[in-house]
Amino acid sequence: MALMIGIPRETATGEKRVATVPEVVEKLIKLGFKVAVESGAGDAANCSDDAYRAAGAEIIVGAAKLWAASDIVFKVSVPTKEEVGMLREGGHLIGFIWPAQNPELMQQLAAKKATVLAIDCLPRMLSRAQKMDALTSQAGVAGYRAVIEAANAFGRFFNGQITAAGKVPPAKVFIAGAGVAGLAAIGTAAGLGAIVRANDTRAEVADQVKSLGGEFVKVEYEEEGGGGGGYAKVMSEGFQQAQREMYAKQAKEVDIIITTALIPGKPAPRLITAEMVKSMKPGSVIVDMAAERGGNCELTEPGQAVVKHGVTIVGYTDLNSRLAKQSSTLYGTNLFRLTEELCKTKDGIINVNMEDDAIRGLTVIKDGAITWPAPAPKLPVAATKPAAAKPAPAPAHGHGGGGAPASAGKTAAIFGVAALMFLFVGAYAPAAFLGHFTVFVLACFVGYMVVWNVTPALHTPLMSVTNAISSIIAIGALVQIAPPLNLLEGFDRPDGWIRWLAVVGIALTTVNMFGGFAVTRRMLSMFRK
């Protein structure tokens, strides 16, 4: 019998998101599930009851009735004690749980003999888990919205402009932390025309920052900051001191600072001190995306936008809810992809397979038994080369045995044969042929070396452009058929065959040339806005 998925109305203060949207409801029904939505659950995300009803969902009035009717409950925010009390005995719950921060909630859910999948516990290092990664999708939305909030609080254009009324310099934006949210903020700020700088403890993100149009500001202290799972780790005191000096310098220069630094299970690190805020230009803006965990700025007031020392400090904790429809759509898609993994038979029945690394990582409670934390997933191990067998000694020959390796001998033999052939050609071929042959050999060698030394990642654009050099072949072929007479004549003479080969060469080269330009144009259009 098909299971019922319930979508309750979120009760957390300021939460406007909903766990799924009408477009995703249709997909869940195709998997064989029934879907029930509490009346008004999607109103704040511009998803009306009529839209859910049109998608095939049942609308239920009242939270208690919705929870009681649901075999599986999809949620966004952490469930309250009252909501846990409404969960069906032995039911399933999927959503944000944060088990490390909510031990009492874990005990309450275990007492209900529930099976709980915490979307925040997804093993993010598994490539197949990316489609279910709600942390990434929500962080991207929050990073985008942070820049919009900064632009709203900032008193100028982001992009530089020259007008009849005067010149407007571009805004300078500094982003502390280049994780998913930080990268989204970098791309958005750069798209608005600002000069963007960014910093992160993980050196490997420097290329990502540059690819989005930002400048990576390096801390003058050598220490690796990767903490696994896409997060940073706590750095040494020496690094933190060097980092504070760099932040102090940036605070004096930039107009907007956006902070995104978070470490799992720990309070947000303090990056921006009160002294740094005082040093900023009047009218500057700080958007503290870590406000919910205490904030990266010393003067942040969670949930509010305040002005201190002439600087607007935005500490909103509901950035995702300020783009509720977009956040809900992405979150609903993440849960749908998870449901696909749980219901591969498409019959409306889920199977929580604890042998699956992704599902095992998500499952924090199974049938009332707490299974969190999950063991580290078994990542694929690169195959190791077996130790090469020790080569047997070469048999002795009459001339003493040993000698150069076989590969070197083969190379010498090839060069020797080539030299003899070249000597033979030089002795008997016409002088004109010898000159052309020398140019041909050199052209082949130069062309080979040029292509061979290009990074493989650039081969496609390189080939599409250099194919145009085939025009040289076309010119050579045109020279061969220049004394044009009748192409149908002269088959009994060598030049007749040469002309026909030239015609074929022109046709093939033309296809090659136009194809190269077509590929190049298509590739360039992929990068145009």
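Any value given below was found using the heavy atoms of this structure, including those in side chains, with hydrogens, waters and symmetry copies removed. If you're wondering where the values come from, they're calculated on a predicted model, not measured in any experiment.
Between the OH atom of Y221 and the CD atom of Q240 there is a distance of 10.0 Å, given to the nearest 0.5 Å. For the atom pair CD (E26) and CG (L31), the distance works out to 12.5 Å, reported to the nearest 0.5 Å. Separation of atoms NZ (K65) and OG (S39) is listed at 11.0 Å; rounding is to 0.5 Å. Within the model, atoms OH of Y247 and OG1 of T273 stand 12.0 Å from one another, a figure rounded to the nearest 0.5 Å. Summarising the geometry, atom SG belonging to C297 is positioned 8.0 Å from atom CD1 belonging to I257; distances are rounded to the nearest 0.5 Å. Separation of atoms SG (C343) and CG (L338) is listed at 11.0 Å; rounding is to 0.5 Å.
Taking every heavy atom of both residues into account, N334 and S137 meet most closely at OD1-OG, 2.7 Å. L212 approaches A190 most closely through the heavy-atom pair O-CB, 3.5 Å. Between G40 and D49, the shortest heavy-atom contact is N-OD1, 3.0 Å. In terms of heavy atoms, R202 sits closest to F216 at O-CZ, 4.4 Å. In terms of heavy-atom proximity, P99 sits nearest to M106 at CB-SD, 3.6 Å. The minimum heavy-atom distance between P79 and V84, with the atom names listed, is CB-CG2, 4.3 Å.
We find that K113 and D367 are not joined by a salt bridge, their nearest charged nitrogen and carboxylate oxygen being 4.0 Å or further apart. With salt bridges taken as basic N to acidic carboxylate O contacts below 4.0 Å, one links R244 and E237. The residues K75 and E83 are annotated as salt-bridged, a charged nitrogen and a carboxylate oxygen being separated by less than 4.0 angstrom. With respect to K34 and D71, no salt bridge is recorded, no charged nitrogen being found less than 4.0 Å from a carboxylate O. For the pair R197 and E253, the salt-bridge criterion is met [side-chain N within less than 4.0 Å of a carboxylate O]. Salt bridge present: E301 and K308 bring a charged side-chain N and a carboxylate O closer than 4.0 Å. Between E149 and R322, at least one side-chain N (NZ, or NE/NH1/NH2) sits under 4.0 Å from a carboxylate O, which counts as a salt bridge. In summary, K131 and E341 engage in a salt bridge, as defined by a charged side-chain N under 4.0 Å from a carboxylate O.
Proximity of a side-chain donor or acceptor of D200 to a complementary backbone N or O of A178 within less than 3.5 Å is detected. No donor-acceptor pair closer than 3.5 Å links the side chain of S327 to the backbone N or O of A324. Judged by distance alone, with hydrogens and angles left aside, the side-chain atoms of N296 form a donor-acceptor pair with the main-chain N or O of A261 at under 3.5 Å. Side chain of D255 to backbone of K172: a donor-acceptor contact under 3.5 angstrom is found. For T363 (side chain) and K366 (main-chain N/O), no donor-acceptor pair under 3.5 Å exists by modelled atom type. When atom types are taken as modelled, the side chain of K281 and the backbone of K252 share no donor-acceptor pair closer than 3.5 angstrom. A donor-acceptor pair under 3.5 Å links the side-chain atoms of T260 to the main chain of G177, judged by distance alone. Of the possible polar contacts, none joining the D43 side chain to the S48 backbone as a donor-acceptor pair under 3.5 Å is found. Using a distance-only test at 3.5 Å, with no hydrogens or angles considered, no donor-acceptor pair links the side chain of N159 to the main chain of A194. Using modelled atom types, one side-chain atom of E298 and one backbone atom of A274 make a donor-acceptor pair closer than 3.5 Å.
For the side chain to side chain donor-acceptor pair (under 3.5 Å) test with S321, the passing option among E10, K16, E15 is E15; the others fail. Screening D357, D356, D133 for a salt bridge (Lys or Arg N to Asp or Glu O under 4.0 Å) with R128, the sole residue that qualifies is D356.
Counting only heavy atoms from C-beta outward, the side chains of F74 and L28 approach each other to under 4.5 Å. In this structure, the side chains of V35 and M4 stay at 4.5 Å or more apart for every pair of heavy atoms. Looking at I365 and T115, their side chains never come closer than 4.5 Å, going by heavy atoms from C-beta outward. V37 is not listed as a side-chain neighbour of I60, based on a closest heavy-atom distance of 4.5 Å or more. I286 has its side chain within reach of I272: a pair of non-hydrogen atoms, C-beta onward, lies under 4.5 Å apart. Side-chain contact check for P302 versus E292: every heavy-atom pair is 4.5 Å or farther apart. The shortest distance between side-chain heavy atoms of V217 and Q250 falls below 4.5 Å. Taking the side chain as every heavy atom from C-beta outward, I359 and V352 approach each other to under 4.5 Å.
More than 12 non-hydrogen atoms from other residues, nucleotides or ligands lie less than 6.0 angstrom from CZ of F336. The number of heavy atoms from other shown groups lying within 6.0 Å of NZ (K218) is above 12.
With hydrogens and angles left out, the side-chain atoms of R124 and Q130 include no donor and acceptor closer than 3.5 Å.
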query = Stepwise, does the side chain to side chain contact (heavy atoms under 4.5 Å, CB included) test hold for V141 with L319?
reply = CA-CA 8 Å; V141 174; L319 291 173; over 6 Å; no

inquiry  = For T345 and D347: C-alpha separation, side-chain torsions, deciding distance, then whether side-chain hydrogen bond (donor to acceptor under 3.5 Å, both in side chains) applies.
reply    = CA-CA 5 Å; T345 53; D347 57 358; 2.7 Å; yes

key: Verdict with reasoning, I313 to V307, per side chain to side chain contact (heavy atoms under 4.5 Å, CB included)   = CA-CA 6 Å; I313 304 173; V307 179; over 6 Å; no

ask   = Going through the distances and angles, do V25 and T20 end up as a side chain to side chain contact (heavy atoms under 4.5 Å, CB included)?
value = CA-CA 7 Å; V25 166; T20 199; 3.9 Å; yes

inquiry  = Assess the residue pair V196 and F174 against the criterion (side chain to side chain contact (heavy atoms under 4.5 Å, CB included)); give the C-alpha distance rounded to whole Å, side-chain angles, the decisive distance to 0.1 Å, and a yes or no.
reply    = CA-CA 6 Å; V196 185; F174 177 72; over 6 Å; no

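Between W98 and F96, the ring planes lie parallel to each other; the angle is under 30°, not in the 30° to 60° tilted range.
At least one cation-pi condition fails for R360 and W372: the charged atom is not both under 6.0 angstrom from the six-membered ring centre and inside a 45 degree cone around its axis.
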